[in-house]
S.K.: 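If you scroll down you'll find the structure; I have some questions about it.
Each chain gets a letter, A, B and so on, in the order its sequence line appears, and its residues count up from 1.
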Amino acid sequence: MADLRVRIGSLELKNPVLVASGTFGYGNDCPDLSDVNAIGGIVTKSLSMKPRDGNPPDRIVETAAGMLNSIGLANIGVDDFIAGKLPVLRGYDTAIIANIAASSVEEYCSVLERLEQEAGISAYEINVSCPNVKEGGLNFGTNPAMTAEITRRLRKLTAKPLLIKLTPNVTHVSEFARVVAGEGADGVSLINTLVGMAIDHRKRTPKLSTVTGGLSGPAIKPIALAKVYEVAQAVKIPIVGIGGIMNTEDAVEFLLAGATAVQVGTANFIDPSASMKIVEGLGRYCDESGVKQVTELVGALKVKTGVSVLQSWI
Amino acid sequence: MADLRVRIGSLELKNPVLVASGTFGYGNDCPDLSDVNAIGGIVTKSLSMKPRDGNPPDRIVETAAGMLNSIGLANIGVDDFIAGKLPVLRGYDTAIIANIAASSVEEYCSVLERLEQEAGISAYEINVSCPNVKEGGLNFGTNPAMTAEITRRLRKLTAKPLLIKLTPNVTHVSEFARVVAGEGADGVSLINTLVGMAIDHRKRTPKLSTVTGGLSGPAIKPIALAKVYEVAQAVKIPIVGIGGIMNTEDAVEFLLAGATAVQVGTANFIDPSASMKIVEGLGRYCDESGVKQVTELVGALKVKTGVSVLQSWI
Amino acid sequence: MNQGFFRCESVREIAPNIYILTLHAPEIAERTNPGQFLNIRTGDNFIPLLRRPFSVYHRDGARLQIIFSVVGAGTKILASSSVGHPLDVIGPLGNPFGVSGDFEEAILVAGGLGVAPMPILTAELKKEGKAIRTFLGARNETQIVRRHLEQVSVATDDGSDGHRGTVVDLLRNWLPGAPKRSRKIFACGPTPMLRALSLLAGEFSVACELSLESPMACGIGICQGCPVELRDGAKKYALICRDGTVFNSNDVVL
Amino acid sequence: MNQGFFRCESVREIAPNIYILTLHAPEIAERTNPGQFLNIRTGDNFIPLLRRPFSVYHRDGARLQIIFSVVGAGTKILASSSVGHPLDVIGPLGNPFGVSGDFEEAILVAGGLGVAPMPILTAELKKEGKAIRTFLGARNETQIVRRHLEQVSVATDDGSDGHRGTVVDLLRNWLPGAPKRSRKIFACGPTPMLRALSLLAGEFSVACELSLESPMACGIGICQGCPVELRDGAKKYALICRDGTVFNSNDVVL
Ligand SMILES: Cc1cc2nc3c(=O)[nH]c(=O)nc-3n(C[C@H](O)[C@H](O)[C@H](O)COP(=O)(O)OP(=O)(O)OC[C@H]3O[C@@H](n4cnc5c(N)ncnc54)[C@H](O)[C@@H]3O)c2cc1C
Ligand SMILES: Cc1cc2nc3c(=O)[nH]c(=O)nc-3n(C[C@H](O)[C@H](O)[C@H](O)COP(=O)(O)OP(=O)(O)OC[C@H]3O[C@@H](n4cnc5c(N)ncnc54)[C@H](O)[C@@H]3O)c2cc1C
Ligand SMILES: Cc1cc2nc3c(=O)[nH]c(=O)nc-3n(C[C@H](O)[C@H](O)[C@H](O)COP(=O)(O)O)c2cc1C
Ligand SMILES: Cc1cc2nc3c(=O)[nH]c(=O)nc-3n(C[C@H](O)[C@H](O)[C@H](O)COP(=O)(O)O)c2cc1C
Ligand code: FES
Ligand code: FES
């Protein structure tokens with residue numbers, strides 16, 4: 001049986017398969033249908049300082065091989081999480097990665113400081129795809145300086161592994177990866193959802209209450225792979241690959257592109273045990289292909305050298 | 001029967017349905033399977049000054065509800081186009097829009113000047129998703145200044161309608177639309193393909209010879225609609241909507257989002273008469289829904305006001 | 001809550017574009033209560049990507065039935081499911097109607113395929129010894145499905161069967177003259193109908209439970225995708241899939 | 001070139017994971033020549049998105065047959081096509097093999113399902129009065145498809161039928177001792193096999209035509225998606241779907 005362990009900074013995961021933020025509740029929401037002890041870790045729904053109601057309906061629409069969501073980061077807030085969820089999560093034999101969202105740098109800091117006082121959190125993942133109210137709602141994650149500042153400030157507050165979750169809705173995602181690596185992040189997670197929109201041509205209205213939403217699922221896998229590969233060429237810190245991972249083969253592709261671990265998102269809605277099946281599948285894949293340690297696959301993509309710039313014309 | 005005519009600058013199209021560059025050859029490549037006189041116009045394959053061989057195989061891979069291509073702008077060059085294709089195109093009763101690609105601002109100018117000497121071209125569409133060799137291959141279309149310069153220089157060279165085709169692989173596509181509108185472009189076309197990647201997990205190699213390619217098809221429609229809507233809020237000049245349009249409903253959605261016309265791309269590969277069927281369907285849709293002029297649909301999306309920034313959290 | 005593959009025993013078109021699909025699903029059947037739903041994966045392709053939710057229509061031992069119309073890709077595939085074909089189902093999901101409690105007569109109100117939960121609801125109400133009256137509304141006579149129901153009155157938009165007009169008007173006409181009894185309304189159907197019904201229930205101060213719909217990604221409470229606004233209380237929204245689908249009409253804003 | 005819906009008359013699994021699908025397609029059949037292919041839309045879903053190309057295997061009046069293995073989503077759907085089901089087909093596409101010309105004996109060489117174009121090719125060669133020898137290679141005996149072929153010699157990787165080894169080696173063994181005759185090789189199969197065969201044809205200076213494969217988006221020359229490198233000449237690449245699929249082995253770099 002192959003060794004599936006991987007490391008992200010000081011964090012060792014028993015295997016590289018995590019569930020993605022916002023796609024598995026707080027981790028303990030469907031015990032009947034999934035065995036979280038089998039996976040490498042749980043990334044919680046994004047936590048903000050105060051509870052957030054989230055967006056009005058409709059929040060969900062299906063698209064071709066994908067879906068749009070406009071949840072609005074509805075969450076119970078960090079205090080209720082600590083009081084109501086963390087005690088249960090502590091009982092699990094898997095890494096607990098707290099995902100943090102906020103509308104100001106200060107809020108990011110406050111949420112992390114609050115969590116630092118509690119036992120049972122293995123690492124942090126920072127969702128920077130949030131509007132900065134101080135900057136008139138400019139998305140933190142689309143601005144290198146703001147992304148750098150969040151990383152710098154949070155780095156000072158914790159010794160635990162710090163993952164910055166990057167948005168794909170930028171020109172050069174590798175620029176953001178470099179910046180956060182420079183500020184001492186232990187790794188980057190990508191991709192978050194792509195901005196998308198769906199229209200009801202009969203009613204002539206947007207299908208989502210917020211007009212646009214976040215696109216996820218198999219449709220975005222090619223984009224996610226390209227972003228992960230771009231970042232893998234740019235930074236040395238570990239990458240957590242996310243985007244349209246539905247099965248073992250998809251997970252392997254992300255590892256080959258340079259991801260040290262992966263997160264399963266939308267697939268959880270279709271099959272709450274998708275991530276557990278991928279852990280099994282990954283073990284089989286390694287054994288069948290003579291891979292002793294899953295880390296052998298990380299960045300193992302064979303690329304002919306001399307793919308010239310002009311060839312990069314599409 | 002509804003009036004399907006639309007205007008882009010001084011160009012009147014008999015209907016808003018065009019075939020997209022690179023997805024219909026030079027316009028006369030499949031006469032047996034399509035009647036180009038039925039559609040609003042033909043956008044040619046991107047033309048460069050000299051013929052281009054394009055990229056090595058493999059150039060095509062299918063993805064979930066989409067496809068990646070890495071053609072490398074293979075084309076016969078502007079002279080052979082003028083000698084071999086244009087005479088045939090002149091015979092068609094539809095708008096001929098020459099799409100231009102280049103690796104330097106000078107080359108963009110030379111190709112356009114060459115075409116200016118010929119009769120039969122209705123308008124130009126400029127593909128700025130090309131590497132600028134002078135800038136070490138930096139993609140023109142991802143840099144507002146370079147995109148502005150191309151527009152400014154070309155605007156001086158022609159009185160014909162000038163469309164700039166924008167790449168979606170940027171943080172704020174509306175910024176680029178504003179810039180080219182400021183430089184006197186008559187309209188913008190969007191979206192070009194999204195950078196994507198596919199991996200053969202058995203061979204552990206990229207599936208495309210150039211590693212990454214351009215993603216198109218139904219998978220990208222939600223992203224394309226969001227970009228068109230974003231641009232429609234930002235500029236007054238006409239928008240040509242492109243991205244995953246497979247049928248009449250898709251075309252209507254783009255018009256509602258703010259596009260004055262649409263282009264059908266990948267759908268041509270599956271059904272070379274897809275665009276003609278959409279023209280028919282659009283007529284029926286208008287008649288059935290009491291639309292006298294198709295222009296009534298342009299930007300007719302009903303959006304509740306006060307969709308707040310915080311709601312824009314996804 | 002259970003996930004598994006369950007055999008499709010039959011699919012029949014019982015009225016124009018109205019299908020009944022029968023599943024052999026003992027593990028789910030034994031735990032299902034009226035108003036709960038199943039979340040069904042219609043195929044292993046990524047189109048449709050998400051599961052499709054359907055109320056449990058009728059139960060007969062280990063057999064569960066759903067009733068549906070073909071409106072898109074998922075229901076199209078379901079309607080053509082071959083007998084014996086195993087379907088990937090999660091259920092039972094959601095909270096059921098409150099069938100016990102101190103009311104004498106249950107008033108079942110359904111618009112269109114909102115009739116879906118009524119047969120299993122009727123069966124359980126009878127066990128509780130409740131009197132039952134059923135009010136069905138539909139576009140026209142062909143879309144009225146009466147099986148397994150009690151004391152049915154009908155309203156159709158075109159008057160082709162029963163009262164011409166909405167089922168809520170039908171109820172509004174009936175209530176005033178109805179014998180004094182403690183009643184509870186159980187309803188399922190399009191939102192506008194449920195909105196009107198809530199008002200009516202308020203006027204006549206009759207208890208009223210509504211089964212609500214929403215686009216859903218997960219159906220099990222992990223995506224936050226199915227909110228309904230709450231009239232008052234700490235939280236602004238409840239989740240239809242987890243906190244519902246059944247709500248007291250006084251608690252929600254439609 | 002023709003596009004239309006043509007009735008599926010039958011699909012049969014004639015060997016483990018080898019299927020023959022018969023189409024009633026008079027308009028296409030009458031114009032099809034050996035080596036040409038059909039581009040088939042396997043369904044109206046967006047997965048699979050693109051058409052799937054298949055060589056014409058056999059022609060019988062208005063009937064056309066293709067032979068294929070299930071390797072993914074599209075062929076899976078094709079293999080389960082119901083009889084009478086109309087398939088959306090474009091064809092015939094590509095340029096055919098050169099069956100006429102002044103050679104006496106045609107050497108047909110196929111690896112795996114590269115056998116696909118050989119039956120229709122055999123029929124046309126016979127009309128031309130050519131002598132024919134056929135060399136088939138496959139993984140094992142179960143994957144050898146002999147129907148409609150002439151003077152068949154076989155090579156299998158596992159030796160379960162005929163020569164143990166590659167079909168090119170089989171031909172290499174045969175050629176030296178073969179009676180002096182002007183010959184032309186017609187080949188279809190995996191690229192490594194075609195590469196080896198080109199060398200062999202060079203050595204023995206036998207004319208050689210290859211039918212090539214490539215991922216294809218359109219199949220009709222409008223996407224530039226299917227290049228093959230040319231040995232020399234003005235252009236660096238030719239398009240397999242439009243300029244091929246048949247090429248002279250001297251003209252292409254594999
Ligand atoms: C709790 C619940 C119970 C339901 N019970 C029934 C039932 O018993 N009988 C019945 O016919 N229908 C029922 N519906 C509606 C049913 O789920 C949809 O008709 C079905 O999902 C349509 O899928 P489709 O792929 O055919 O249509 P599409 O339009 O292709 O579906 C596209 C997307 O929209 C969603 N969607 C479409 N219509 C609805 C709807 N009315 N409500 C919620 N989501 C929708 C689908 O789930 C899918 O995600 C129920 C819905 C919910 C939420
Ligand atoms: C000109 C031509 C003629 C062909 N003739 C035959 C034939 O007679 N019999 C037969 O069994 N197969 C033939 N093939 C291969 C056949 O097209 C593929 O097996 C088929 O497309 C696989 O589709 P899928 O959805 O089942 O597999 P998937 O792997 O899901 O297909 C994914 C994508 O890869 C492409 N693809 C997969 N395999 C091939 C391949 N070998 N060559 C080119 N593209 C491929 C598909 O077209 C599709 O775009 C031919 C291919 C070409 C180009
Ligand atoms: C319904 C939904 C809710 C999500 N909520 C969050 C969230 O709260 N925080 C976050 O960082 N990402 C969130 N995401 C993004 C996912 O974590 C993931 O990055 C994205 O969905 C791409 O992966 P996938 O294609 O596997 O779903 C959410 C995604 C979905 C579909
Ligand atoms: C095979 C292929 C070749 C293309 N070639 C060009 C090109 O030469 N110039 C250009 O501006 N866009 C080119 N495009 C982009 C399309 O014009 C279009 O913008 C894109 O495919 C999105 O539309 P779609 O989803 O309808 O295909 C090409 C797209 C494809 C799929
Ligand atoms: S549908 Fe996911 S929470 Fe209700
Ligand atoms: S497949 Fe499109 S040009 Fe050959």
Side-chain angles (χ1 to χ4, degrees), chain A residues 55-56 63-66 68-73 101 103 129-131 133 136-137 142 169-171 193-199 201 203-206 209-215 218-223 225-226 229 244 249 252-253 256-257 300-304 307 309-314, chain B residues 55-56 63-66 68-73 101 103 129-131 133 136-137 142 169-171 193-199 201 203-206 209-215 218-223 225-226 229 244 249 252-253 256-257 300-304 307 309-314:
Chain A
N55 294 333
T63 64
L68 288 164
N69 86 84
S70 160
I71 305 302
L73 294 181
S103 49
S129 309
C130 306
V133 287
T142 62
N169 302 301
V170 297
T171 309
T193 55
L194 287 138
V195 176
M197 175 173 181
I199 291 175
H201 66 83
K203 296 196 198 125
R204 297 188 189 170
T205 59
S209 63
T210 52
V211 184
T212 59
L215 185 64
I220 70 168
K221 191 184 78 170
I223 300 172
L225 278 171
Y229 181 75
E249 292 67 33
V252 170
E253 289 168 22
L256 293 170
L301 190 73
K302 297 173 229 144
V303 173
K304 281 199 240 62
V307 172
V309 168
L310 287 188
Q311 285 180 356
S312 83
W313 291 31
I314 53 178
Chain B
N55 295 333
T63 64
L68 288 164
N69 86 83
S70 159
I71 305 302
L73 294 180
S103 48
S129 310
C130 306
V133 286
T142 62
N169 302 301
V170 296
T171 309
T193 53
L194 287 138
V195 176
M197 176 173 181
I199 291 174
H201 66 83
K203 298 197 197 122
R204 299 189 187 170
T205 59
S209 64
T210 53
V211 185
T212 59
L215 185 64
I220 71 168
K221 190 183 78 170
I223 300 171
L225 278 171
Y229 181 76
E249 291 67 33
V252 170
E253 290 168 21
L256 293 170
L301 189 73
K302 297 174 229 146
V303 173
K304 280 198 241 61
V307 172
V309 168
L310 288 190
Q311 285 179 356
S312 82
W313 290 32
I314 54 179

S.K.: Measuring from atom CG of B:N169 to atom CG of A:N169, what distance do you get when rounded to the nearest 0.5 angstrom?
M.R.: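 Nearest 0.5 Å value for the CG-CG distance: 11.0 Å.
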S.K.: Is the backbone of B:K302 close enough, under 3.5 Å, to the side chain of A:T205 for a donor and an acceptor to pair up by distance?
M.R.: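 Looks like no, no N/O pair under 3.5 Å.
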S.K.: Excluding sequence neighbours, so at least two apart, what forms side-chain contact (heavy atoms from CB on, under 4.5 Å) with A:P206?
M.R.: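 A:P206: side-chain contact (heavy atoms from CB on, under 4.5 Å) contacts with A:V211, B:L301, B:V303.
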S.K.: Pick one of side chain, backbone, both or neither for A:V170, based on which atoms fall under 4.5 Å of a heavy atom in chain B.
M.R.: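 Contact with chain B: backbone and side chain both.
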S.K.: Look at B:R204, B:E249, B:K221 and state which one has the largest set of heavy-atom pairs under 4.5 Å with chain A.
M.R.: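 Max contact count across the listed options: B:R204.
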S.K.: Taking atom OG1 of B:T193 and atom CD1 of A:I223, what is their separation to the nearest 0.5 Å?
M.R.: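 The distance works out to 10.0 Å.
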S.K.: State, to 0.1 Å, how close B:I199 and A:E253 come at their nearest heavy-atom pair, and which atoms those are.
M.R.: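 B:I199 and A:E253 have their closest heavy atoms at CD1-O, 3.3 Å.
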S.K.: Where do B:T171 and A:T142 come nearest, in terms of heavy atoms and distance?
M.R.: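 Scanning both residues completely, I find the closest heavy atoms to be CG2-CB, 3.7 Å.
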S.K.: Partners of B:L68 by side-chain contact (heavy atoms from CB on, under 4.5 Å), sequence neighbours excluded?
M.R.: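 Partners of B:L68 by the side-chain contact (heavy atoms from CB on, under 4.5 Å) criterion, ordered by chain and then number, come out as A:P222, B:V61, B:T63, B:A198, B:L208, B:L215.
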S.K.: Can you name the nearest heavy-atom pair linking B:H201 to A:V252, along with the distance?
M.R.: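 Scanning both residues, the minimum pair turns out to be CB-CG1, 4.0 Å.
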